[in-house]
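Quick note on labels: first sequence line is chain A, next is B, and so on, each numbered from 1.
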Amino acid sequence: MRSVHKLSVALAAAATLVLAACSGSGGDASANGPVTLTWWHNRTTEPMKTIWQQIADDFHKTHQDVSFTIEPLQNEQFQTKMPLALQGNTPPDIFQQWGGGSLKSQLSSGKIADITQASSSWVGPLGQSAKGWQVDGKQYGVPYQMHAVGFWYRKDLFATAGVTSPPSTLDELNAAVAKLKAAKLVPIAVGGKDRWPDAFYFNYFAIRQCSVDALKKAVEKTELADPCFTKAGENLKTFLDTKPFQDGFVGTPAQQGAGSSAGMLANGQAAMELQGDWNPDVMQALSEDKQLDSKVGWFPFPSVPGGQGDPKAVLGGGDGFSCTSRAAKACADFLGYLVGEEVQKKLAATGSGLPVHPAAVASLKTETHKQIAEYTANAPHLQFYLDIAFPTNVGQALNDAIANFFAGQGGPDTIVQSVTKAAAGNK
Amino acid sequence: MSTATSARPLTAPSSHAPRAGGTPRRSRTRTRLELALLLAPGLVLFVGFVLVPIGVATFYSLYSWNGFGPLTDFVGLDNYVDAFSGDVFQGAIAHNLIIAALTIIVQLPLSISLALLLNRKLRGRTFLRMVVFAPYVLSEAVTAVIWLLMLQPGGFVDQVLRGAGLGWAVQQWLADPKIVLYSLFVVITWKYIGFGVILLLAGLQGIPAELREAAALDGASSWQATRHVVLPLLGPTIRVWIFLAVIGSLQLFDLVWIMTLGGPANASTTMATYLIDHGFKRYEFGFGSAVAVILFIICFTFALLYQRFALRRDTDGALTRAVN
């Protein structure tokens with residue numbers, strides 16, 4: 001605790017920097033001369049750290065007047081560094097961008113480049129993936145890989161419990177949970193401590209319950225006013241009442257240690273986990289089992305009876321980049337290179353996400369990832385994680401309300417109201 | 001022994017040393033120059049990195065501001081009102097106070113006992129001192145991650161309890177909203193007990209052995225000597241420890257953030273985790289600044305009052321007398 005003695009002071013000190021940096025505006029780099037792009041990405045670990053460096057080097061070979069200064073930062077750092085950087089005179093030229101509501105918040109800095117024109121020649125193959133990086137029809141960044149959420153499951157535990165095929169409806173899922181429990185197994189692991197895994201459940205129940213129009217309208221108006229969202233909360237409540245999770249799940253971390261939800265799945269202590277496509281990497285790091293890939297399978301979130309949602313709609317998001325205005329032209333060219341077939345194949349081969357270029361799907365490492373990519377490509381609607389789609393303050397308030405709901409506090413109406421309240425500026 | 005007068009004072013003689021004889025008259029300008037030279041660097045840093053940021057944070061706290069773009073939405077004291085009227089922040093203050101109170105009630109006696117024990121001549125004393133102090137050397141993050149894993153259901157702690165036949169005592173340490181704060185307190189105690197012990201040991205070293213011997217000669221039992229000789233002389237150290245412990249409890253952050261994120265259902269939120277969670281993770285920098293200012297005012301007020309009423313006798317002369 002003593003190391004945070006000066007917490008408030010340090011934060012305030014950071015704020016001072018903002019103020020100091022407020023005055024004056026950034027100089028424009030000449031449009032044609034040599035330019036060095038400062039690039040902030042979130043791949044602090046291998047192999048991606050090196051791959052990004054190689055990609056930058058390759059780009060420099062064909063574009064001699066563009067060089068890079070690369071700075072890998074951890075996800076959490078972007079939260080505090082981006083506001084400061086965008087207030088300052090020298091924001092990075094390319095930076096990690098998750099799109100949605102936080103992109104919208106960042107726009108008010110006036111420093112994010114509109115690349116609608118610059119990207120028009122190459123953004124086509126990205127399809128609906130690119131939409132999350134648009135605001136009011138303008139392109140303010142592009143994803144270089146997408147993510148999708150679904151159920152990861154242990155084939156061996158399903159066999160032990162006598163579950164013959166992956167559930168495709170909610171009833172089948174409930175039946176599978178009952179069978180797994182009867183076999184004294186933990187049906188589903190969830191990392192409740194981290195809150196966002198809880199949110200996946202509410203998100204998916206909403207996607208299955210609400211029509212695509214209702215979902216779009218909710219994001220547009222920042223509200224969950226449509227009764228389908230309350231119904232989704234009720235469905236979630238019914239599901240929670242079947243007690244499908246491990247003991248003490250509200251205190252379980254999602255990815256830290258063998259006792260985390262991913263660790264439980266990796267070590268055969270739980271049969272299912274609703275997680276993103278990144279889960280195999282996380283699980284592998286928490287397990288000694290070299291055959292893990294062949295033991296886990298994937299199935300989409302089951303359909304919910306009576307819902308108006310499309311049973312093929314998928315919950316996801318993506319990793320992308322935005323450009324700032326100083327060197328927007330060179331930056332946009334580089335982004336075009338990143339989403340091109342050649343680089344996309346290289347990225348797909350790392351298995352760290354789903355490619356945004358359809359031609360790269362074949363380069364994915366595992367059959368499971370190909371299955372997810374195919375499912376996502378065929379989805380009639382890709383719903384951004386609601387916490388990302390909404391403005392940041394609203395998204396976090398929603399996640400908190402969902403996590404409290406998982407911990408037994410509040411009801412479906414509390415979840416709905418959390419969005420209304422946060423959108424109205426209430427804390 | 002039997003003839004010893006009862007009036008013999010047991011406390012240490014006054015430690016007021018005679019003031020140094022008047023220094024040769026020096027020119028005032030020279031004194032001022034020296035003062036300026038010696039104070040300037042520290043003063044610049046203090047103003048630049050303490051006073052100015054506090055002022056700026058106070059300024060931001062009057063706005064509704066998402067961190068991007070100019071400050072335009074002046075809201076006066078609304079951010080403060082919002083913070084104080086929210087259940088979660090009220091809970092956070094209560095949690096900080098509970099931790100502070102528990103720290104004094106539990107950690108202080110424990111630290112004193114351990115320090116007294118480790119101050120005696122016993123086999124392996126150095127080793128034991130090291131063992132007690134070791135957790136303090138670990139970083140907060142490492143401590144938090146280790147305990148997060150050990151406190152998971154079926155984790156190390158549960159296994160030890162079951163192995164010792166105490167299976168009934170097993171709880172959902174971090175998942176039960178009624179228990180999580182106390183689980184965290186145990187981890188805090190484990191981590192910081194070494195600091196208190198070392199501080200108190202240093203204090204004990206400063207107490208002359210003659211005093212204990214004299215008390216023993218006067219027929220004081222070991223307990224009496226400790227109670228009436230050692231503890232009063234340890235007073236200044238204890239008062240400083242309480243000061244550090246309370247300030248630390250009020251600003252508790254790292255352990256909680258890594259182990260529970262303030263959850264489940266805000267059952268372990270502290271003022272500092274609330275600040276980060278509701279102020280900064282949500283891009284509500286104006287609101288976050290208001291919470292930071294509140295946290296600062298609470299700590300500052302406590303520090304001033306404590307200095308004024310508890311620490312004064314210890315710092316008298318050192319801090320309170322003007323330099324001539």
Enquirer: Looking at chain A, which one of B/Val180, B/Asp277, B/Leu174, B/Thr58 has the largest number of heavy-atom pairs inside 4.5 Å, strictly under?
Expert: B/Asp277
Enquirer: For A/Asp247, look at atom CG and say whether over 12 heavy atoms of other residues, nucleotides or ligands are found less than 6.0 Å away.
Expert: no
Enquirer: Top residue by heavy-atom pair count (under 4.5 Å) with chain B, among A/Pro253, A/Gly263, A/Ala403?
Expert: A/Pro253
Enquirer: Can you tell me if NZ on A/Lys104 sees more than 12 non-hydrogen neighbours from other groups inside 6.0 Å?
Expert: no
Enquirer: How close do B/Tyr283 and A/Phe78 get, counting heavy atoms only, and between which atoms?
Expert: OH-O, 4.3 Å
Enquirer: Are there residues of residues 141-148 of chain B that reach to under 4.5 Å of chain A by heavy atoms, and which ones?
Expert: B/Val145, B/Leu148
Enquirer: Could you tell me whether B/Phe300 atom CZ has more than 12 heavy atoms of other residues or ligands within 6.0 Å of it?
Expert: no
Enquirer: So what's closer than 4.5 Å to chain A heavy atoms on B/Asp176: side chain, backbone, both or neither?
Expert: neither
Enquirer: So which bits of residues 261-271 of chain B come within less than 4.5 Å of chain A, counting non-hydrogen atoms only?
Expert: B/Leu261, B/Pro264, B/Ala265, B/Asn266
Enquirer: Do you know the tightest heavy-atom contact between A/Ser108 and B/Asn66?
Expert: OG-ND2, 3.8 Å
Enquirer: Output the distance between atom CZ (B/Arg282) and atom OG (A/Ser102), rounded to the nearest 0.5 Å.
Expert: 15.0 Å
Enquirer: Counting only heavy atoms not in A/Gln74 (residues, nucleotides, ligands), do more than 12 fall under 6.0 Å from its CD?
Expert: no
Enquirer: Is it the backbone or the side chain of B/Phe89 that comes under 4.5 Å from a heavy atom of chain A, or both, or neither?
Expert: neither
Enquirer: Can you measure from NZ (B/Lys281) to OG1 (A/Thr80) and round to the nearest 0.5 angstrom?
Expert: 11.5 Å
Enquirer: Go through the structure and list residues passing ring-ring contact (aromatic ring centres under 6.0 Å, His included) with B/Phe133, not counting sequence neighbours.
Expert: B/Tyr136
Enquirer: How about residues 392-401 of chain A versus chain B: which residues have heavy atoms under 4.5 Å apart?
Expert: A/Thr392, A/Asn393, A/Gln396, A/Ala397, A/Asp400
Enquirer: For B/Gln152 and A/Gly259, which heavy atoms make the closest approach, and how far apart are they?
Expert: OE1-O, 4.3 Å
Enquirer: Under a 4.5 Å heavy-atom cut-off, does chain B meet the side chain of A/Gln256, its backbone, both or neither?
Expert: both
Enquirer: Might you confirm whether atom CG of A/Asp136 has over 12 heavy atoms from other residues, nucleotides or ligands at distances under 6.0 Å?
Expert: no
